[in-house]
Structures are given as C-alpha cells and as structure tokens.
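For reference, the structure is listed below as structure tokens.
Quick caveat, the model's predicted, so the values are computed rather than measured. Residue numbers begin at 1 in each chain, while the letters A, B, ... track the order of the sequences.
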Amino acid sequence: MPELPEVETVRQGLAKWVAGRTIRTVEVHHPRAIRRHLPGDGHFIAMLQGRTVLDVSRRGKYLWLPLDSGDAIVGHLGMSGQLLMQPATAETEKHLRIRFTFTDDGPELRFVDQRTFGGLAVSEGGAELPAEISHIARDPMDPLFDDEAFVARLRGKHTEVKRALLDQTLISGVGNIYADEALWRSGLHGNRATDQLTRPAAKRLLAHVRDVLGEAIVAGGTSFDALYVNVNGESGYFDRALNAYGREGQPCHRCGTAIRREQFMNRSSFSCPRCQPRPRTR
DNA sequence: CGGAGCTCCTGGGAGC
DNA sequence: TGCTCCCAGGAGCTCC
C-alpha cells in the first residue's frame, strides 16, 4: 500500500512512541513476516531482545529502526502491513504477525499484515543504512536527492513514464496513487516515452511528484479504508485532495472531462483524457 | 544489461 | 445465503 506519505506518517508516529525504549520480548506469529530474515525466527528474536531502539528512519517506502547494537530492524509494509502501538490489554488482531513488548511495560508494537507481502528483518550493522535497501534510490523528500541526476537517468531510459515513476531504483517512494496524481498535475499520460520528455518537462514532473508527496504527508497520507492507518489506527485525509486516482467517471478538476480508467502493468491507472492525451505510439 | 511479466497472499465487494 | 470473479497504496524474481 502504503506509499511514501503513509510510511512517513507511520515513521513519525513510531519515532514518538518507541525511540529510547528497550525491547523486552519478541513474538513471531507468522513465518512469512520474517522471510527476509534468513537465519529464522529464533535468531530474529535473539538479536532484538534487550536492545534499545534509537530512532526510526525511512527511505522511500522502507522503514528501519536503528538499535543500540548497531543493527537495525528493517521493514516494508507491502500492500497491507500496519505498525500499531497498542496497550497490552488490547485484543490480538486477526492478522497479528509480530509483537514487541518493552521493558517499561508501556504500549506494545504490533506488526499486523493481512496479505503478508510486508515483513521485518534484522539488518546486521544496518543502523546507518541497511544493506537490504541499498539498491533503492533516494526518495525525492531526501535532502540529498539529486534532481539533475534523476532527470538525466529518466530521460535516458527506454520505457514509459509511469513505469519509471514506479521504479524504486530510479526514484523511491512513489506508488500507484501518487504516480497518477503527479502525472495528472503534469498533464502527462503514463504511457508517454521517457526518452521523449524534454528536460523542462522532466523537471516539472519531478516538482509535481515532490509537491504531491509533501502535501500528502501534511494530510497524514491517503486512507480509503481501515487498512491504511497511522500507529494509533487513525486515517489520513489526503483522499479528499485526489485529482485522478479512484475518480473514474468524475469530472476532471481542471477541465471537467470525465476521468478515465485504464489497465497498465496489471493495475488501474486514472487520468484525464483531455489534459493527459494518450501518446500516438507506445 | 535493461525491460516487462508473473507471482507471492487475504479478504471485501459486486454480480449472479 | 452462497458461490465466483475481480480488485487492492508492492516489489522480488525470472525470463527475454
């Protein structure tokens, strides 16, 4: 699910609730939740019990929690993962995968994930930047993101612009919703060829990506249902500000034309037929 | 090698 | 009520 704004919302909540706390116990309730941790659940648990969480960091859609050991808990929410702070007395969620308790007996941290596409792992020595996510590009909210290099790489690709926006090794953090929103703002159809974008057009696209991500962070992310919530189970409200995604048949906020829905990469894409004309050739 | 398609899961909702 | 089909905010793997 969660794209950069939703993950950032979770990061902010987690940092507030778990930074400085020491893990007492770890329970793994489903093996798929730690499938990226190859040594298995016994090792996962042993690496974490007694460790203090220093902070919560994020790159793109990945989170990591640096520990006082120099290791880190690295995680991805996948399509349906949630990190929730819960009192120990709260009922166990149906899809609870991992539970952390802390030595202060305060709220627990629970990883809940219906579809099990998400997961956590311990990254040895990964406190600074886990090796597991070194293949991921910086995200556009990162102060060290290189705009010029992005524009050059984007224009050097032989692919379609939406596919490129979803390529986490080119630019991280953008998913299906915010790709459609940035393309709508840019007046570009997702099937446009990246190597035919002018430099100014590519720079405008990046600016729109950054703007829409920033606005969504302020709104606490986009929530269509209870699957996408912050660490306290609360929904964001950026869905009210969407211009394209999920608006099939509704009037374009710029020109009034009905928003269309098309299949692309086996998923839905939403765009304005008038503001975002389909390219002649693919 | 870069690019494109398939696959891993569960459950909600629509349609019959 | 109950079945079947379609859909979902992702990304790693594998093929060409």
Side-chain angles (χ1 to χ4, degrees), chain A residues 1-11 29-38 58-63 74-83 93-97 111-121 131-137 139 153-183 190-191 193-195 209 212-213 215-217 219-230 235-248 261-270 282:
Chain A
M1 96 121 191
E3 305 182 35
L4 187 153
E6 293 76 38
V7 179
E8 173 60 17
T9 299
V10 170
R11 188 200 68 76
H29 292 256
H30 196 300
R32 267 186 64 79
I34 56 153
R35 67 191 179 287
R36 302 274 165 210
H37 189 86
L38 302 180
R58 181 191 55 74
R59 173 174 289 188
K61 305 170 195 173
Y62 280 88
L63 289 170
V74 58
H76 196 290
L77 301 177
M79 290 286 270
S80 56
Q82 303 175 321
L83 285 163
E93 293 81 0
K94 181 176 182 186
H95 301 295
L96 175 68
R97 308 306 186 193
F111 179 63
V112 176
D113 188 11
Q114 176 197 114
R115 296 176 69 185
T116 68
F117 287 175
L120 304 182
E132 290 82 351
I133 61 175
S134 58
H135 65 294
I136 296 294
D139 63 64
R153 281 191 66 200
L154 176 71
R155 297 180 68 231
K157 279 186 159 291
H158 303 287
T159 190
E160 296 151 312
V161 64
K162 180 164 179 181
R163 202 178 278 278
L165 288 179
L166 297 178
D167 179 353
Q168 305 296 301
T169 68
L170 175 66
I171 180 171
S172 67
V174 181
N176 205 33
I177 291 182
Y178 299 107
D180 278 5
E181 292 302 306
L183 289 166
N191 285 345
T194 49
D195 49 10
V209 168
V212 74
L213 293 177
E215 291 166 28
I217 289 170
T222 301
S223 308
F224 296 120
D225 55 48
L227 227 44
Y228 308 106
V229 294
N230 68 15
S235 292
Y237 50 89
F238 192 73
D239 59 309
R240 297 171 204 169
L242 295 176
N243 288 300
Y245 189 87
R247 297 194 64 244
E248 182 183 17
R261 172 184 184 151
E262 298 170 297
Q263 286 301 115
F264 181 63
M265 292 171 73
N266 273 332
R267 54 215 309 197
S268 294
S269 286
F270 299 88
R282 301 192 305 108

Under a 90° cut-off about 0 for the syn range, is dG5(B) syn or anti?
anti
Paired nucleotide for dC9(B) [Watson-Crick or G-U wobble; both distances under 3.5 Å]
none
Between CZ of F270(A) and C1' of dA8(C) the distance, given in whole Å, is 11 Å
Could you state the NZ-C1' distance from K157(A) to dC1(B), rounded to the nearest angstrom?
11 Å
Counting any heavy atom closer than 4.0 Å, what does R36(A) reach on the DNA or RNA strands: base, sugar-phosphate only, or nothing?
sugar-phosphate
What integer number of Å spans the P atoms of dC1(B) and dA11(C)?
22 Å
Strictly below 4.0 Å, N to O, side chains only: are D139(A) and K61(A) in salt-bridge contact?
no
With a cut-off of less than 4.0 Å, is there a side-chain N or O of K61(A) near OP1 or OP2 of dA11(C)?
yes
For R261(A), answer base if it contacts any base atom (sugar-phosphate contacts may also be present), sugar-phosphate if it contacts only those atoms, and nothing otherwise; contact means non-hydrogen atoms under 4.0 Å.
sugar-phosphate
Taking the P atom in each of dC6(C) and dC6(B), what is the distance between them to the nearest angstrom?
16 Å
Which whole-number value in Å describes the distance from I177(A) CD1 to dC7(C) C1'?
14 Å
Which nucleotide wins on minimum distance to the side chain of Q114(A), given the candidates dG9(C), dG3(B), dT10(B)?
dT10(B)
Heavy atoms under 4.0 Å, any strand shown: does F224(A) hit a base, just sugar-phosphate, or nothing?
base
Take atom CG of N266(A) and atom C1' of dG9(C), then tell me their distance rounded to the nearest Å.
16 Å
With a 4.0 Å cut-off, would you call D113(A) and R32(A) a salt bridge?
no
Which is true for S268(A) with a 4.0 Å heavy-atom rule: it touches a base, it touches only sugar-phosphate, or it touches nothing?
sugar-phosphate
R267(A) side chain near dG9(C) phosphate (N/O to OP1/OP2, under 4.0 Å)
yes
Do side-chain atoms of S80(A) reach the backbone of R115(A) as a donor and acceptor pair under 3.5 angstrom?
yes
When you match R163(A) and T116(A) each to their closest nucleotide on DNA chain B, which lands nearer the 5' end?
R163(A)
Between atom OH in Y178(A) and atom P in dG10(C), what is the gap in whole Å?
10 Å
P5(A) backbone acceptor or donor facing T9(A) side chain under 3.5 Å
yes
For F117(A) and dG10(C), are the ring centres under 5.5 Å apart with planes inclined under 30°?
yes
OP1, OP2 of dA11(C) versus side-chain N and O of H76(A): anything below 4.0 Å?
yes
Applying a 4.0 Å non-hydrogen cut-off, can you work out what H135(A) is touching in the nucleic acid: base, sugar-phosphate, or nothing?
sugar-phosphate
Reckon F264(A) touches a base, only the sugar-phosphate, or nothing at all at heavy-atom distances under 4.0 Å?
nothing
In whole angstroms, how far is the P atom of dG9(C) from the CG atom of N230(A)?
21 Å
Taking only the side-chain heavy atoms of Q168(A) (C-beta and beyond), determine which of dG9(C), dG11(B), dA11(C) contains the nearest atom.
dA11(C)
When rounded to whole Å, the NZ to C1' distance for the pair K94(A) and dG12(B) reads 11 Å
Which word best sums up how the rings of F238(A) and Y178(A) line up, parallel for under 30°, tilted for 30 to 60°, or perpendicular for over 60°?
tilted
Closest to the 5' end of DNA chain C, once R115(A) and E132(A) are matched to their nearest nucleotides, is R115(A)
Hey, is the main chain of T159(A) close enough, under 3.5 Å, to the side chain of T194(A) for a donor-acceptor pair?
yes
Rounded to whole Å, the CD-P distance (E6(A) to dA8(C)) equals 16 Å
